[in-house]
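Numbers here are sequence positions counted from 1.
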Amino acid sequence: MKNIGIFGGSFDPPHSEHISLVEQAIKSLELDKVYIVPANIPPHKKNKSLSSDKDRLEMCKLAFSCLPCVEISDYELSAGGVSYTYLTCRYFKEKHPESRLFWFVGTDMLRDFPTWKKPEEILSNATLAVCARNEEQGWIKKETENFENRFGQKFSLIDYQGKDVSSTQIRVLAGTGMDITDYTGEPVAEYIQNAGLYAIPFADTSLSFQTKKRREHSIRVAMLAAKRALSLKISERKAITASLFHDCAKNMSPDSPCFSDFQMQGVPKPVWHQYAGAYLAEHLFGEKDEEILNAVRYHTSGRENMTILEKLIFLADMLEEERDFPRVDELRKLFWQDDTLDECMRVALKETLLHLQNKGSEIYPLTQNAYEYYQKIKNKRRNKIMSEFTSRDLAIAACKALADKRGKDIVVLSVREKTTLCDYFVIASASNAPQIRAMGERVEELLEKEHGIVPTRTEGVRDGRWAVVDYGDVIVHIFHDETRLFYHLERLWQDGSNLERFNEKTEELER
């Protein structure tokens, strides 16, 4: 019985890690043959624009020509439509009925495999062969157990720890005009250059106007923007172009001959370069796409009602991997969430305003207006949620958050018949000040993350023995044990029928 490997992907372009993976797979799995199968439309990249079939096939032939047992297959390209793995495995099993087939995947695809179309049929025709990249120690045991529990069989391992090289990274570098030979090998690099694949006109000119440090920043912005573009369903090429142009005027003087016909009055110095950059992009580089020009024009200040591309460039500029400021990790998490970028924009603009205030710098009106615009969106969503989310629901959600941090004796008091202050008190105990802080922060975090609700005020969460997190209709009280006994809110407000205890097991209120 022969062992045959199948390696599917976009291969736009194929690169050195693809080749190394195949070499190691041949050794690890004792493969007699490997098929490289460029996808027509990858199921997970349906919105992505790929290079032509001809170009990708030719690049694959050049990249893998050094491996004699490798064959480039045009099966998925010829079949057309979405390139589902179950159909490809079925095709190769019919072609090689007596052979054992291995389908190559990374650990990210392994974890997503249950969501693939007809995974059981795939496994009836082929064994998954997994290559790890950037995995923590012990991942094999965990993933093997999960896979066996779900599918009743094992996957195989390719003995190779992949390096962090991606086709997206190469497309960005090729767009700048940089040499990509180290990533693709000389034949593929020459093909890309000769065919003009991934080239961004005037990107090299834009980067030449920038200092070395600024050029490196612009390329990192382009990397991040390109990675996020697909999930936002916008053009990767536009994202890369706007990124490489966004700081083209950052290191230039207003006295430069390039700006002889450009005047911009009343703009703070740190903001001037966004307008000057858009001017250069249009009048010197010949860029006519208004969406790209506006992404450059407002990448520092922001503005109300930004397009998705504008938001992407603003945030990629602020969050590229070398940026470091107090809430950067929080913002990066928001940046990658599946919904819109509006909340990330709100928090980013808030951080920008705080930074300017702390420095005593001038606040540009567009930035203030942009923050207020995205805060209004936040408030509208909150009001909509609150109209569908009763105060009792909010009280129960707060109880769950308190229980997450091992809050003790969690109760809910209905006080709507006794006061106009609120509908419910949620009361819990903590053993010490750090636990009070952890419980208060967890309440804020969970209600904002899962329900989009933020408190109207908080007191004592950071350093008190009695913390209050106020949501208007629901007020959460977190006490140190002794402080709770002293104030004894239950005794003050309880009438025998309005107190319910939170059951952590059922996550329900009980009288």
Lys378: partners by side-chain contact (heavy atoms from CB on, under 4.5 Å), with sequence neighbours left out | Glu343, Arg346, Gln375, Glu448, Val454
Establish, from distance only, whether the side-chain atoms of His273 and His246 form a donor-acceptor pair under 3.5 Å.
-> no
Donor + acceptor pair across side chains of Asp55, Tyr191 (<3.5 Å) = yes
Evaluate the side chain to side chain contact (heavy atoms under 4.5 Å, CB included) criterion for residues Thr168 and Leu230: first the C-alpha distance (whole Å), next the side-chain angles of each, then the deciding distance (0.1 Å), finally the verdict.
-> CA-CA 11 Å; Thr168 303; Leu230 176 62; over 6 Å; no
Does the side chain to side chain contact (heavy atoms under 4.5 Å, CB included) test come out yes or no for Gln193 and Ile180, once each step is laid out?
-> CA-CA 10 Å; Gln193 184 176 19; Ile180 57 171; over 6 Å; no
Which residues satisfy the side-chain contact (heavy atoms from CB on, under 4.5 Å) test with Ser73, sequence neighbours excluded?
-> Tyr35, Val37, Tyr75, Phe92
Considering only heavy atoms from C-beta outward, does the side chain of Glu287 approach that of Thr241 to under 4.5 Å?
-> yes
With Phe325, which residues qualify under ring-ring contact (aromatic ring centres under 6.0 Å, His included), at least two apart?
-> none
Between the side chains of Ser49 and Glu236, does any donor sit under 3.5 Å from an acceptor?
-> no
Distance-only side-chain donor-acceptor flag, Asp12 / Ser51, under 3.5 Å = yes
Residue list, side-chain hydrogen bond (donor to acceptor under 3.5 Å, both in side chains) with Tyr298, at least two apart or on another chain | none
Would Glu121 and Tyr84 count as having a side-chain donor-acceptor pair, cut-off 3.5 Å?
-> no
Would you check if Arg171 and Pro13 make a side-chain contact, meaning some heavy-atom pair closer than 4.5 Å?
-> yes
Would you call Leu123 and Gln153 a side-chain contact if the rule is heavy atoms closer than 4.5 Å?
-> yes
Does Glu321 pair with Arg220 as a salt bridge, N-O distance under 4.0 Å?
-> no
Mind checking whether Phe155 and Phe113 have ring centres under 6.0 Å apart?
-> no
Listed by chain and number, what are the side-chain hydrogen bond (donor to acceptor under 3.5 Å, both in side chains) partners of Glu30, not counting sequence neighbours?
-> none
Can you check whether Glu322 reaches His217 side chain to side chain, under 4.5 Å on heavy atoms?
-> no
Do any N or O atoms from the side chain of Arg56 and from the backbone of Ala39 form a donor-acceptor pair under 3.5 angstrom?
-> yes
Residue that, paired with Arg297, satisfies salt bridge (Lys or Arg N to Asp or Glu O under 4.0 Å) out of Glu310, Glu291, Glu290 | Glu290
Set of residues satisfying side-chain hydrogen bond (donor to acceptor under 3.5 Å, both in side chains) with respect to Asp108, sequence neighbours excluded = none
Can you list every pair that meets salt bridge (charged side-chain N to carboxylate O under 4.0 Å, His left out) and has a residue in residues 191-206, with sequence neighbours left out?
-> none
Just distance, no hydrogens or angles: give the donor-acceptor pairs under 3.5 Å from side chains in residues 278-286, sequence neighbours left out.
none

Closest non-hydrogen contact found for Phe314 with Ala348 is CE2-CB, 4.1 Å
Heavy atoms only: give me the nearest Cys60-Ile72 pair and the separation to one decimal.
-> O-CD1, 3.7 Å
Donor-acceptor contact below 3.5 Å, side chain Asn149 vs main chain Glu145 | yes
Flag the pair Phe245 / Leu293 as yes when at least one side-chain heavy-atom distance between them is below 4.5 Å, and no otherwise.
-> no
Have Arg214 and Thr211 got a donor and an acceptor in their side chains that come within less than 3.5 Å?
-> no
Report the C-alpha distance between Ser218 and Leu207 in whole Å, list the side-chain angles of each, state the deciding distance to 0.1 Å, and finish with yes or no for side chain to side chain contact (heavy atoms under 4.5 Å, CB included).
-> CA-CA 8 Å; Ser218 293; Leu207 294 174; 4.0 Å; yes
Partner residues of Lys333 under the side-chain contact (heavy atoms from CB on, under 4.5 Å) criterion, sequence neighbours left out = none
Check: Glu17 main-chain N/O paired with Ser20 side-chain donor or acceptor under 3.5 Å = no
With a 4.5 Å limit on heavy-atom distance, are the side chains of Asp159 and Gln24 in contact?
-> no
Hey, does the side chain of Asp247 reach the backbone of Lys250 with a donor-acceptor pair shorter than 3.5 angstrom?
-> no
Quick one: ring-ring contact (aromatic ring centres under 6.0 Å, His included) partners of Phe7, sequence neighbours excluded?
-> Phe11, His18, Phe104
Listed by chain and number, what are the side-chain hydrogen bond (donor to acceptor under 3.5 Å, both in side chains) partners of Thr181, not counting sequence neighbours?
-> Asp179
side-chain contact (heavy atoms from CB on, under 4.5 Å) involving Ser256 - partner list, sequence neighbours excluded | Met252, Cys258, Phe259
Lys54 with Glu58: basic N within carboxylate O range, under 4.0 Å = no
Quick one: pull up OG1 in Thr107 and CH2 in Trp139 and give me the separation to the nearest 0.5 Å.
-> 6.0 Å
Pro270 vs Thr300 side-chain heavy atoms within contact, under 4.5 Å = no
Take Ser156 and Arg100 through the test side chain to side chain contact (heavy atoms under 4.5 Å, CB included) and record every step on the way to the result.
-> CA-CA 12 Å; Ser156 295; Arg100 185 181 183 190; 4.1 Å; yes
Would a distance-only check, ignoring hydrogens and angles, find a side-chain to backbone donor-acceptor pair under 3.5 Å from Arg215 to Gln210?
-> yes
Would you say Tyr198 and Thr176 make side-chain contact, with heavy atoms under 4.5 Å?
-> no
